[in-house]
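This report refers to the structure that appears directly beneath it.
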2 protein chains.
Amino acid sequence: MMESAGWQEQLSRVGVRLTTSREIVANILHDTQRHLSAEDIFIRAVQVNPSIGLTTVYRALELFTDIGIVQKFDFGDGKARYELASDHHNAEHHHHLICIKCKKIINYDDFVQEELELMKKTEKALSKKHHFKIMHHIIHFYGICEHCR
Amino acid sequence: MMESAGWQEQLSRVGVRLTTSREIVANILHDTQRHLSAEDIFIRAVQVNPSIGLTTVYRALELFTDIGIVQKFDFGDGKARYELASDHHNAEHHHHLICIKCKKIINYDDFVQEELELMKKTEKALSKKHHFKIMHHIIHFYGICEHCR
DNA sequence: ATGAAAATGAAACCCATTTTCATATTTGAA
DNA sequence: TTCAAATATGAAAATGGGTTTCATTTTCAT
C-alpha cells in the first residue's frame, strides 16, 4: 500500500519521533475501512510486531488524535473507535449510521455536499458567536437495522 | 417548574412503575439546562432523598434512554451525559459545541431549521438505502473555546 | 389488604483506559 | 562515532465509569 504518506511529516513537524510502533498503527488505520477499537488495532499490530504493547497502541492513538490525523469516536458500546481523519490520506468524508441494538456501524456519504455547505455555514456562525475555533464535527444517526427489527 | 408532565404516561404505557426515584431523576433532568453526568444527577438526587443509590440513578437513566425520553451523550471526557430528548417537554432541539481542551459544552440552535430539513431528507434516504429505522441523530462540533486558545 | 412482580441499595465486580516505573531507543551535540 | 539527555516502550498495577448480584423493600392489580 504505497502511501501512509503525510503522517511522518506531521509527526516531525510537531516534534515527535517517528517510531516503528507508530508506523504500524498508522498503517493499520490506513489499510482498513472498518471502525477499529484500540484492542482491534493491538491485535493486528501484534501480527506485525509481537513485542508491541497495548499501552503503546493507546499512546499512539492518543497522539494521532491530538495531532488531528486520527479521529476518535464513541458509538455507545463502551469502547472507543478510531479512524483516519477524513481530510487525510485516502479517507473520504463520511458519517455513521449506528444500530442501537447490535451496534453495527455503517458509513454513509449521501448528501455530504449539501451537508458540508450547511456545516461550513454553521461553523462560521458558531465560530463568530461563541468565539470557538472549530476543528471538526461529527454526525451520527441512531436507529435499528434491518436485521434487528 | 410545573410539569415534568409526559414521562409518567410514557412509563405506564411501557408497563413500568412510577417510582419516586424515577420521579426525582426526571425532575432533575427537567429542571436543568446543563449536561449532567450520572454522578451529577446522583448528587442532586441525594439532596432530595438521601437514601437513593447511584445504581438506581444509572438504572433510571438507562430506562429513560431506552424509552426515548432521555438522550445519552458522550462528549469524550470519559463519562456519559444525559439530557431530556429534544422532542419532549420543554427541551428545544439543539446541538453541541465542545471544547476539546476544557471540555466545556455549549448548546446551539442556529440553523436548526435548515439542519432539520437536511436531516429529514438524509434520514429518508438512509432509511431506504440501508433499511434502517432511524430514531434520532446527533451533531457535535469540536473545537477550542475562547478561553483555551 | 396482600402477594407476585418489579424496583432498590450496597457491595462486589467488570473492563477499557491510564498511570507508574524501570528499561530501551532515538537524537543531536561534541 | 560516542554519549548523554530526551523521548518512547512494555508490563504490571491502578483508576474509574458503569454493571451485576442478591437480599430486601416497594408497588399495584386484585
Side-chain angles (χ1 to χ4, degrees), chain A residues 7-26 28 35-67 70-82 100 103 105, chain B residues 7-28 35-67 70-82 100 103:
Chain A
W7 69 269
Q8 291 93 338
E9 298 91 272
Q10 197 101 350
L11 286 194
S12 51
R13 177 151 22 99
V14 185
V16 164
R17 290 177 182 165
L18 288 65
T19 67
T20 46
S21 310
R22 287 169 183 164
E23 183 171 21
I24 290 169
V25 171
I28 290 169
H35 317 85
L36 304 179
S37 68
E39 187 161 8
D40 294 335
I41 294 165
F42 171 64
I43 289 169
R44 297 182 185 207
V46 166
Q47 321 268 45
V48 181
N49 173 5
S51 76
I52 200 169
L54 177 56
T55 311
T56 300
V57 171
Y58 271 109
R59 284 192 279 229
L61 290 170
E62 186 186 17
L63 175 66
F64 290 166
T65 303
D66 288 348
I67 294 178
V70 160
Q71 210 174 337
K72 182 179 180 179
F73 293 94
D74 179 291
F75 295 123
D77 67 344
K79 57 191 83 173
R81 311 263 165 180
Y82 302 83
I100 58 181
K103 310 293 180 185
I105 302 158
Chain B
W7 69 270
Q8 292 92 341
E9 300 90 271
Q10 197 102 349
L11 285 194
S12 51
R13 177 154 20 98
V14 186
V16 164
R17 288 177 183 167
L18 288 63
T19 69
T20 46
S21 310
R22 286 168 184 165
E23 183 170 21
I24 290 169
V25 172
N27 284 335
I28 290 170
H35 318 85
L36 304 179
S37 67
E39 187 161 8
D40 294 335
I41 294 165
F42 171 64
I43 288 170
R44 298 181 185 208
V46 166
Q47 321 268 44
V48 181
N49 173 5
S51 76
I52 201 170
L54 178 56
T55 314
T56 300
V57 171
Y58 271 110
R59 284 192 280 229
L61 291 170
E62 185 186 19
L63 176 66
F64 291 166
T65 302
D66 288 349
I67 294 177
V70 160
Q71 210 174 336
K72 182 179 182 180
F73 293 95
D74 179 291
F75 295 123
D77 67 345
K79 56 190 83 172
R81 312 261 163 182
Y82 301 84
I100 58 179
K103 308 294 180 186

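What you see below is based on every heavy atom in this structure, not just the backbone, and it leaves out hydrogens, waters and symmetry mates. Each chain gets a letter, A, B and so on, in the order the sequences are listed, and its residues count up from 1. Only a predicted model underlies this, so the values are computations on that prediction, with no experimental measurement involved.
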Distance in angstrom units between [X] [atom1] and [N] [atom2], rounded:
{"X": "Leu18(A)", "N": "dT25(C)", "atom1": "CG", "atom2": "C1'", "answer": "14 Å"}
{"X": "Phe73(A)", "N": "dA16(C)", "atom1": "CZ", "atom2": "C1'", "answer": "19 Å"}
{"X": "Ile24(A)", "N": "dT9(D)", "atom1": "CD1", "atom2": "C1'", "answer": "12 Å"}
{"X": "Arg22(B)", "N": "dT25(D)", "atom1": "CZ", "atom2": "P", "answer": "19 Å"}
{"X": "Arg17(B)", "N": "dT8(C)", "atom1": "CZ", "atom2": "P", "answer": "10 Å"}
{"X": "Leu11(A)", "N": "dT7(D)", "atom1": "CG", "atom2": "P", "answer": "14 Å"}
{"X": "Gln8(B)", "N": "dT27(D)", "atom1": "CD", "atom2": "P", "answer": "15 Å"}
{"X": "Asp40(A)", "N": "dA16(C)", "atom1": "CG", "atom2": "C1'", "answer": "13 Å"}

Please round to the nearest 0.5 Å and tell me the distance separating atom [atom1] of [X] and atom [atom2] of [Y].
{"X": "Asn49(A)", "Y": "Thr20(A)", "atom1": "CG", "atom2": "OG1", "answer": "6.5 Å"}
{"X": "Leu61(A)", "Y": "Phe64(A)", "atom1": "CG", "atom2": "CZ", "answer": "7.5 Å"}
{"X": "Lys72(A)", "Y": "Asp66(A)", "atom1": "NZ", "atom2": "CG", "answer": "9.0 Å"}
{"X": "Leu18(B)", "Y": "Glu9(B)", "atom1": "CG", "atom2": "CD", "answer": "8.5 Å"}
{"X": "Leu54(A)", "Y": "Ile41(A)", "atom1": "CG", "atom2": "CD1", "answer": "10.0 Å"}

Can you tell me if Thr19(B) touches the phosphate of dT27(D), counting only side-chain N or O atoms and a distance under 4.0 Å to OP1 or OP2? no
Walk me through it: do Phe75(B) and His35(B) pass the test side chain to side chain contact (heavy atoms under 4.5 Å, CB included)? CA-CA 10 Å; Phe75(B) 295 123; His35(B) 318 85; 4.3 Å; yes
I need the single residue from Thr55(A), Leu36(A), Ile52(A) that forms a side chain to side chain contact (heavy atoms under 4.5 Å, CB included) with Phe42(A). Which is it? Ile52(A)
If a pair satisfies salt bridge (charged side-chain N to carboxylate O under 4.0 Å, His left out) and one of its residues is in residues 42-64 of chain B, list it, with sequence neighbours excluded.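 Non-adjacent pairs meeting salt bridge (charged side-chain N to carboxylate O under 4.0 Å, His left out): zero.
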Output, in order, the C-alpha distance, side-chain angles, deciding distance and verdict of side chain to side chain contact (heavy atoms under 4.5 Å, CB included) for Leu63(A) and Leu11(A). CA-CA 9 Å; Leu63(A) 175 66; Leu11(A) 286 194; 4.1 Å; yes
Please determine, for the side chain of Lys79(A), which listed nucleotide (dA7(C), dA16(C), dG18(D)) has the closest atom?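 Side chain of Lys79(A) sits closest to dA16(C).
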Nucleotide of dA7(C), dG18(D), dT8(C) approaching Ser21(B) most closely (side-chain heavy atoms):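 Of the candidates, dT8(C) comes closest.
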Nearest heavy atom decides the nucleotide; on that basis, is Gly15(B) or Lys72(A) closer to the 5' end of DNA chain C?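 Upstream on the strand: Gly15(B).
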Classify Ser37(B) by what it touches in the nucleic acid, base, sugar-phosphate, or nothing, heavy-atom distance under 4.0 Å.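 No contact at all - Ser37(B) keeps every heavy atom at 4.0 Å or more from the nucleic acid.
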Strand DNA chain D as a dot-bracket string - pairs counted if Watson-Crick or G-U with both distances under 3.5 Å, | where the partner lies in another strand: ||||||||||||||||||||||||||||||
If each of Leu63(A) and Thr20(B) is mapped to the nucleotide of DNA chain D with the nearest heavy atom, which maps nearer the 5' terminus, i.e. the 5' end?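 Mapping each residue to its closest nucleotide by heavy atoms, the 5'-most match is Leu63(A).
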Please list, by residue number, the residues of residues 47-61 of chain A whose heavy atoms come closer than 4.0 Å to an atom of DNA chain C; answer none if no residue qualifies.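 Those residues whose heavy atoms fall under 4.0 Å from DNA chain C, taken from residues 47-61 of chain A in numerical order, are Thr55(A), Tyr58(A), Arg59(A).
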